[in-house]
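Down below is the structure, laid out as structure tokens.
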Amino acid sequence: QVQLMESGGGLVQAGGSLRLSCAASGSIFTMGWYRQAPGKQRELVASITRDGNTNYAASVKGRFTISRDNAKNTMYLQMTSLKPEDTAVYYCTYGPSMGAILLKQVSWGQGTQVTVSS
């Protein structure tokens, strides 16, 4: 199966920005970002198809932008206006979809920690 690896996490102040990357070992039609905060269920952040259709969670819409570089098999998440509530481990995933909506998650990357301080 396709292997995924996230990078770009770190510590940032509230209101700041961070850019995450997810490198895939092969071509994928639909990819997405999920996040998991301590004690919480993993939740969708955003997803994107190869041709650029996107889907965002309401909590991040207008603040985060998902994109991809198909030539590099890499997906990005540009996060702006970060809030402490965005603190979580961010995971990259892929799977079958209807448009940009993921129906299943085939596998996950190892995750990258994002911490937003007050």
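Start at 1 with the first residue, then count along the sequence. For clarity, every value in this text was computed on a predicted model and none was experimentally measured.
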*Quick one: OG on S17 to CZ on R63, what's the gap to the nearest 0.5 Å?*
10.5 Å
*asked:* Enumerate the ring pair (Phe, Tyr, Trp, His ring centres under 6.0 Å) contacts for residues 55-86, please, sequence neighbours excluded, ordered by first and then second residue.
replied: none
*CD of Q1 to CD1 of I28: how many Å apart, nearest 0.5 Å?*
10.0 Å
*By side chain to side chain contact (heavy atoms under 4.5 Å, CB included), which residues pair with V116, not counting sequence neighbours?*
V12, A14, L82, P84, D86, T87, V114
_Donor-acceptor contact present, side-chain E43 to main-chain Q41, <3.5 Å_ = no
Side chains of residues 95-103: which donor-acceptor partners sit under 3.5 Å, not counting sequence neighbours?
from : atom 1 : to  : atom 2 : distance (Å)
S97  : OG     : T30 : OG1    : 2.7
S97  : OG     : G99 : O      : 2.8

*Do the side chains of V2 and Y90 join up, straight or via other hydrophobic residues, at under 4.5 Å, putting them in one cluster?*
yes
*Mind checking the CE-SG spacing from M75 to C92? Nearest 0.5 Å is all I need.*
3.5 Å
_Approximate separation, where rounding is to 0.5 Å, of T93 OG1 and K104 NZ_ = 11.0 Å
*Expected output: side-chain E6 to main-chain Q110 donor-acceptor under 3.5 Å*: yes
*Answer yes or no: is there a donor N or O on one side and an acceptor on the other, between the side chain of S47 and the main chain of G32, under 3.5 Å?*
no
*Mind checking whether M79 and L20 have side chains closer than 4.5 Å, heavy atoms only?*
yes
*Any donor-acceptor pair under 3.5 Å linking the side chain of S25 with the backbone of Q3?*
yes
*asked:* Ignoring hydrogens, what is the shortest heavy-atom contact between S21 and W33? Give both atom names and the distance.
replied: O-CH2, 3.5 Å
*Give the cluster check for V89 versus W108: same hydrophobic cluster or not, with ILVMFWY residues linked at side-chain heavy-atom distances below 4.5 Å.*
yes
_Testing the basics here: between A24 and L4, what is the closest heavy-atom pair and its distance to 0.1 Å?_
CB-CD2, 3.7 Å
*Please examine the side chains of Y91 and R42, heavy atoms only from C-beta on, and report whether any two atoms are closer than 4.5 Å.*
yes
_Pairwise side-chain contact, V45 with L77, heavy-atom cut-off 4.5 Å (strictly under)_ = yes
_Side chains of S27 and R50, donor plus acceptor under 3.5 Å_ = yes
*asked:* Please determine whether the number of non-hydrogen atoms from other residues, nucleotides or ligands lying under 6.0 Å from atom CD of E85 exceeds 12.
replied: yes
*Compute whether any side-chain donor of one residue and acceptor of the other, for Q105 and Y34, lie under 3.5 angstrom apart.*
yes
*Nearest-0.5 Å distance, CZ of residue R68 to OG1 of residue T49*: 7.0 Å
